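On a predicted model such as this, the values are computed, not experimentally measured, just so you know.
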Amino acid sequence: MKLFSCPHCGGRLYFENAQCLNCGSLVLYDPDQGTFALAGDNARACTNASQCACNWAAAPDGTFCRACALNKTIPDLTIDGNRERWIRVEAAKRRAIYSLLAYGLAVGPKADGNDEIGLAFDFLADPLDGDQPTGEHVLTGHDNGLITLNVVEADSSEREKMRAEMGENYRTLLGHFRHEVGHYYWDRLIRDDAERLERFHALFGDESEDYEEALRRHYSQGAPADWETRHISAYAASHPWEDWAETFAHYLHITDTLEMVQSLDLPLGRLDTDAGDDLPAGDAGQPPPGQADGRDPEEPFARTLARWLVLSEASNSINRCMGLPDLYPFVISPVVGEKLGFVHGLLWDEAGHRAMRPAG
C-alpha cells in the first residue's frame with residue numbers, strides 16, 4: 001500500500017478516500033491504473049458506493065468495480081448492524097484485491113459453468129432465532145475460489161474473543177482475506193505445474209495428506225512443540241495447504257507494509273551493505289527493471305526480508321512503549337524465510353515484465 005495524490009490539486013490521498021480533503025474534489029480509485037481519478041464521465045462510481053462506501057471506479061464494462069463484482073452474497077442488510085459490518089468487510093477486501101492486482105495475478109469473477117476459475121465471496125452470518133444463534137455456525141473458509149466470511153468477524157470484540165479462544169497471536173479481516181485467497185492461488189500457481197509442485201513439496205510437504213484428519217489432529221493435539229522453527233504460525237503446522245496459505249498471507253503483509261514505508265520515505269535504520277546476506281534467500285526471484293521508486297531491481301528477497309526484520313522489531317518496540325500488543329507477533333525462522341522466498345519467486349514470475357510496485 002502507498003500514498004496517493006489528488007488528480008486535481010495534488011494533495012495527499014489515502015486508499016480509503018472518496019474526497020480530497022484539500023480541494024474537496026470527489027475522487028475514485030481506478031484499480032486498473034493504480035491511481036485516483038476525478039469522479040465524472042470518465043470515472044463512474046461503483047454501484048456499491050452508496051451501499052458499502054466503496055470508493056472504486058466501476059469497471060468500464062460494468063456497474064460494479066473489480067472488487068465488488070466478485071461478490072456472490074452480501075450480508076442481510078435488514079439485520080441491525082450488518083451494513084456497518086459490510087462496510088468494514090469491503091474495506092479489508094479492497095486492500096487484499098489491491099495487492100493481488102499489483103502482482104499481476106488474475107483477479108476476476110467466476111464465469112457461468114466454471115466453478116473452479118475465478119474468485120467469489122459469500123459474506124454470511126450465523127442464523128438467528130430472535131437474538132440467539134440457531135443452526136450451523138458459518139465458518140470462514142475457501143472452496144475452489146469461493147471464499148466465505150462470517151460477518152461477525154467485522155465486530156472487533158467478537159473477533160478478539162475468537163482470537164483468544166483459538167490461541168492466535170493475530171486475527172484481522174485483512175488477514176482472513178489474504179489467507180483464503182492464498183488457497184485459491186495455490187491451485188492457480190502450483191497445483192498444475194510439475195516443477196513448482198516439486199519445489200513446494202520440498203519446502204511445505206505433501207498436500208495429499210488427509211486434510212480433514214490433519215485439522216482434527218491439530219485442534220485436538222495442537223501444533224508440534226518445535227513448530228516455530230518451521231512455520232510462521234501454529235496453524236500453519238496443521239497441513240501443507242495451510243502452511244502455504246499462511247505464508248502467502250504473510251508475504252502480502254510484509255510487502256504491503258514495506259511499500260507504505262517506501263511511500264512515506266521512512267529510513268529503516270542502518271542496514272549495512274552485507275545486511276541480509278546470511279538470511280535465507282529462498283527462491284530469489286527478481287523484480288523487473290524500471291521501477292519508479294528506485295529500488296535496486298537486482299536485490300534478492302533476503303534483503304527485503306532484512307528490511308522487514310528491522311521494521312517489525314522497531315514497530316513491536318514502539319507498541320510495547322504504548323502498552324499495546326506487538327504489531328507483528330511472529331518469528332521468521334530460516335525455514336520460514338525460504339518459504340517466503342518461494343512465494344516471492346512465484347509472484348515475480350507471474351508478474352513477468354509488468355510495471356509494478358516494489359515488494360519492499
Only one of Tyr328, Tyr235, Trp308 passes ring-ring contact (aromatic ring centres under 6.0 Å, His included) with His250, and that residue is Tyr328

Do other residues, nucleotides or ligands put more than 12 heavy atoms under 6.0 Å from Arg12 CZ?
-> no

For Asp122, enumerate each residue passing the side-chain hydrogen bond (donor to acceptor under 3.5 Å, both in side chains) test, keeping only those at least two apart in sequence or located in another chain.
-> Thr73

Taking side chain as C-beta onward, heavy atoms only, is Ser233 less than 4.5 Å from Asn169?
-> no

Gap between atom NZ of Lys339 and atom CG of Leu203 - 0.5 Å precision = 7.0 Å

Evaluate whether atom CG of Asp192 has more than 12 neighbouring non-hydrogen atoms of other residues, nucleotides or ligands under 6.0 angstrom away.
-> yes

Any side-chain heavy-atom pair of Cys54 and Arg94 under 4.5 Å | yes

Which atom pair, heavy atoms only, marks the closest approach of Ala96 to Phe177?
-> CB-CB, 3.8 Å

Would the number of heavy atoms belonging to other residues, nucleotides or ligands and lying under 6.0 Å from CD of Glu213 be above 12?
-> yes

Atom SG in Cys68, atom CG in Asn48: separation rounded to 0.5 Å?
-> 4.0 Å

Salt-bridge criterion met for Glu116 and Arg191 (N-O under 4.0 Å) = yes

Is there a donor-acceptor contact under 3.5 Å linking the side chains of Asn55 and Asn17?
-> no

Considering all heavy atoms, the nearest Ala92-Leu174 contact = O-CD1, 3.5 Å

How far apart are the C-alpha atoms of Cys6 and Cys9, what are their side-chain angles, what is the distance that settles it, and do they pass the side-chain contact (heavy atoms from CB on, under 4.5 Å) test?
-> CA-CA 6 Å; Cys6 173; Cys9 71; 3.8 Å; yes

Residues that Arg230 engages under salt bridge (Lys or Arg N to Asp or Glu O under 4.0 Å), provided they are two or more places apart | Asp226

Between side-chain atoms of residues 25-33 and protein atoms elsewhere (two or more places apart, or another chain), which donor-acceptor pairs fall under 3.5 Å?
| residue | atom | partner | partner atom | Å |
| --- | --- | --- | --- | --- |
| Asp30 | OD1 | Asp32 | N | 3.0 |
| Asp30 | OD1 | Gln33 | N | 3.4 |
| Asp32 | OD1 | Arg66 | NH1 | 2.8 |

Are any non-hydrogen side-chain atoms of Val336 and Thr247 less than 4.5 angstrom apart?
-> no

Same apolar cluster (I L V M F W Y, side chains within < 4.5 Å links), Ile147/Val138 | no

Non-hydrogen side-chain atoms of Leu124 and Asn150 separated by less than 4.5 Å | no

Report the C-alpha distance between Ile332 and Leu305 in whole Å, list the side-chain angles of each, state the deciding distance to 0.1 Å, and finish with yes or no for side-chain contact (heavy atoms from CB on, under 4.5 Å).
-> CA-CA 9 Å; Ile332 298 180; Leu305 184 54; 3.8 Å; yes

Say whether Glu246 and His231, considering side chains only, have a donor N or O and an acceptor N or O under 3.5 Å apart.
-> no

Return yes if a side-chain donor-acceptor contact under 3.5 Å exists between Glu90 and Asn71, otherwise no.
-> yes

Would you indicate whether Asn42, at its atom CG, is surrounded by more than 12 heavy atoms from other residues, nucleotides or ligands within a distance under 6.0 Å?
-> no

Joint hydrophobic cluster, Val107 plus Phe64, side-chain heavy atoms closer than 4.5 Å = no

Tightest non-hydrogen contact, residues Trp56 and Ala67, listed as CZ3-CB, 3.7 Å

Name the orientation class of the two ring planes belonging to Tyr251 and Tyr103 (parallel below 30°, tilted from 30 to 60°, perpendicular beyond 60°).
-> tilted

Taking the six-membered ring for Trp, are Phe200 and Phe342 parallel (under 30°), tilted (30 to 60°) or perpendicular (over 60°)?
-> tilted

So do the side chains of Glu207 and Trp186 get within less than 4.5 Å of each other, counting heavy atoms only?
-> yes

Please work out whether the ring planes of Phe248 and Trp244 are parallel, tilted or perpendicular, with thresholds of 30° and 60°.
-> tilted

Take Val89 and Leu149 through the side-chain contact (heavy atoms from CB on, under 4.5 Å) test and state the conclusion after the steps.
-> CA-CA 9 Å; Val89 164; Leu149 181 79; 3.8 Å; yes

same_hphob_cluster(Met260, Phe15) at 4.5 Å side-chain heavy-atom cutoff | yes

Going from CD1 on Ile97 to CG on Leu119, what distance comes out if it is rounded to the nearest 0.5 angstrom?
-> 6.0 Å

Roughly how far apart are Leu146 CG and Tyr184 OH, rounded to 0.5 Å?
-> 11.5 Å

Which is it for His142 and His179 under the side-chain contact (heavy atoms from CB on, under 4.5 Å) test, yes or no, and what are the steps along the way?
-> CA-CA 9 Å; His142 161 267; His179 175 99; over 6 Å; no

When rounded to the nearest 0.5 Å, the distance separating CZ of Arg178 from CG of Leu173 is 12.0 Å

Treating Ile, Leu, Val, Met, Phe, Trp and Tyr as nodes and any side-chain heavy-atom pair under 4.5 angstrom as an edge, say whether Leu327 and Leu340 lie in one connected cluster.
-> no

Of all the heavy-atom pairs spanning Arg44 and Ala59, show the shortest one and how long it is.
-> NH2-O, 3.3 Å

Would you indicate whether Gln19, at its atom CD, is surrounded by more than 12 heavy atoms from other residues, nucleotides or ligands within a distance under 6.0 Å?
-> yes

Between atom CZ of Arg188 and atom CG of Leu105, what is the distance when rounded to the nearest 0.5 Å?
-> 11.5 Å

More than 12 foreign heavy atoms under 6.0 Å from CG of Asp206: is that the case here?
-> yes

Is the gap between the ring centers of Tyr170 and His253 under 6.0 Å?
-> yes

Carboxylate-amine/guanidinium proximity below 4.0 Å for Arg199 and Glu195 | yes

Going by atom types only, do His218 and Glu242 share a side-chain donor-acceptor pair under 3.5 Å?
-> no

Apply salt bridge (Lys or Arg N to Asp or Glu O under 4.0 Å) to Arg171 and list each qualifying residue two or more places apart in sequence or on a separate chain.
-> Glu153, Glu168

Hey, can you tell me if His344 and Phe301 have their rings parallel, tilted or perpendicular (30° and 60° cut-offs)?
-> tilted

Distance under 6.0 Å and angle within 45° of ring axis: Lys72 vs Phe121 = no

Return the set of residues passing salt bridge (Lys or Arg N to Asp or Glu O under 4.0 Å) with Glu212 (not counting sequence neighbours), or none when no residue passes.
-> none

Can you find a heavy atom in the side chain of Val343 that is under 4.5 Å from one in the side chain of Leu252?
-> no

Compute whether any side-chain donor of one residue and acceptor of the other, for Asp155 and Ser157, lie under 3.5 angstrom apart.
-> no

Take the angle between the ring planes of Trp241 and His239 and call it parallel below 30°, perpendicular above 60°, tilted in between.
-> tilted

Joint cluster assignment, Leu21 & Leu264, ILVMFWY side-chain distance < 4.5 Å | no

Looking at Tyr14 versus Phe4, is the centre-to-centre ring distance below 6.0 Å?
-> no

Contacts of Arg217 that satisfy salt bridge (Lys or Arg N to Asp or Glu O under 4.0 Å) - sequence neighbours left out = Glu209

In short, Leu70 meets Gly108 closest at the heavy-atom pair CD2-C, 3.4 Å

Which pair of heavy atoms, one from Thr148 and one from Leu139, lies closest together, and at what distance?
-> CG2-O, 3.6 Å

